[in-house]
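This report refers to the structure that appears directly beneath it.
Lettering follows sequence order; numbering is per chain, from 1. Just so it is clear, the values below take in all heavy atoms, side chains as well, and ignore hydrogens, waters and symmetry mates.
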There are 2 protein chains.
Amino acid sequence: MKLSSLADYAVVLMGAAARHCGGVRVSAAMLAAETGVPVPTAQKIVSLLTRAGLLRSSRGTGGGIQLARPAAAISLADIVEAIEGPIAMAACVDAGRHDCALEGSCKVQPHWGAVNGAIKSALGQVSLASLSHDHITTGAPA
Amino acid sequence: MKLSSLADYAVVLMGAAARHCGGVRVSAAMLAAETGVPVPTAQKIVSLLTRAGLLRSSRGTGGGIQLARPAAAISLADIVEAIEGPIAMAACVDAGRHDCALEGSCKVQPHWGAVNGAIKSALGQVSLASLSHDHITTGAPA
DNA sequence: GGGCAATCAGACCGATCTGGTCTGATTGGA
DNA sequence: TCCAATCAGACCAGATCGGTCTGATTGCCC
């Protein structure tokens with residue numbers, strides 16, 4: 001129930017990248033310097049985010065990275081899923097996985113789906129753009 | 001963003017215990033047999049739940065465990081926190097922890113608090129009693 | 001009253017995964 | 001053509017998780 005450090009760093013790095021607004025290219029080292037994340041770790045995270053389609057990278061001198069989409073179109077859920085894979089609290093949440101021996105007699109499974117949806121919704125309603133605002137606009141029920 | 005197996009098992013075990021309704025004492029081995037969880041692992045989970053105050057245990061012959069509270073008063077959040085510790089997505093969520101080097105310049109922190117609250121709310125609104133019903137009653141915003 | 005059986009409780013160990021570092025491949029500019 | 005800067009992938013140490021085992025405690029039976 002705890003986010004991995006990589007995912008946490010990824011959110012911070014994406015927030016820093018969003019602050020440089022779309023068109024400008026920044027290097028992973030620059031973002032690392034701004035955020036305090038170790039440079040090699042930042043490079044690794046950038047690679048994962050690029051592979052997931054959230055960032056667009058250019059190699060070579062003067063290269064760098066930029067947001068593949070507007071900041072408003074990237075949510076925390078996107079970032080978390082890019083780093084940690086699909087958001088699935090229990091193994092039985094995503095159809096196709098049948099690792100659970102109970103399968104059918106388990107009364108818990110349908111409820112996990114609802115809880116999982118609530119969590120994904122909570123993460124999906126926070127966009128990168130909103131991270132730059134001072135007021136909280138998550139739409140959280142709490 | 002994935003629940004540990006221990007916490008998942010704990011929910012299943014608590015659900016099985018709740019099905020035996022309060023007064024009756026059942027052994028950890030019985031719950032393990034009903035749920036398919038390995039016996040030693042079930043014992044370990046029972047110990048954790050007992051230490052957290054969610055179960056009441058009795059040693060000796062004919063001993064066993066029973067819910068320390070009515071099933072309606074135990075939520076998924078209680079179980080998850082008993083196994084995995086406080087629900088805190090990022091390290092900066094709970095006041096007192098200052099592991100983050102950004103601390104103050106980080107625009108992300110206040111948003112994590114809101115997201116964390118939404119998740120805790122989603123887990124807190126599902127009680128053990130509701131796990132026995134067929135219809136979903138999570139109160140999830142999604 | 002003593003012994004036994006059943007149970008929970010804690011300590012130990014192996015495996016998996018995460019986090020971090022390093023080296024190599026690619027690309028653009030001088 | 002060479003060089004510098006950058007991303008991309010492979011490698012390794014560390015920590016955490018999951019599972020198993022043994023021990024301590026307690027109630028029942030003889």
- Any chance you could list the contact pattern along nucleotides 15-21 of chain D? Use B for base contacts, S for sugar-phosphate-only contacts and - for none, protein heavy atoms under 4.0 Å, 5' to 3'. ---SBB-

- Message: Can you confirm whether the side chains of B:D8 and B:S5 place a donor and an acceptor under 3.5 Å from each other?
- Response: no

- Below 4.5 Å, heavy atoms only, C-beta onward: do A:I83 and A:L49 meet side chain to side chain? yes

- Report the distance from atom CD of A:Q66 to atom P of D:dC7, rounded to the nearest whole Å. 12 Å

- Message: Out of the candidates B:T35, B:V37, B:L3, only one should pair with B:Y9 under the side chain to side chain contact (heavy atoms under 4.5 Å, CB included) rule; please name it.
- Response: B:V37

- Length of the line joining B:M1:CE and C:dC17:P, which is rounded to integer Å: 19 Å

- Query: Between NE2 of B:H20 and CD1 of B:I65, what distance do you get to the nearest 0.5 Å?
  - Reply: 9.5 Å

- Query: Picking from B:M14, B:R69, B:Q66, what satisfies side chain to side chain contact (heavy atoms under 4.5 Å, CB included) with B:L55?
  - Reply: B:M14

- Message: I need the B:H111 NE2 to A:S130 OG distance, nearest 0.5 Å.
- Response: 5.0 Å

- Say you draw a straight line from CZ of B:R25 to CZ of B:R56; how long is it, rounded to the nearest 0.5 Å? 9.0 Å

- Query: Rounding to a whole Å, what distance do you find between B:M30:CE and C:dA6:P?
  - Reply: 15 Å

- Test log, rule side-chain contact (heavy atoms from CB on, under 4.5 Å), inputs B:S27 and B:M30: CA-CA 5 Å; B:S27 66; B:M30 279 178 60; 3.3 Å; yes

- Going by number, which of residues 47-62 of chain A have a non-hydrogen atom under 4.0 Å from DNA chain D? A:S47, A:T50, A:R51, A:S57, A:S58, A:R59, A:G60, A:T61

- Task: Write down the distance between CD (A:E84) and C1' (C:dG19), rounded to a whole number of angstrom.
- Result: 13 Å

- Item | Sugar-phosphate, base or nothing in reach of A:A29, heavy atoms under 4.0 Å | nothing

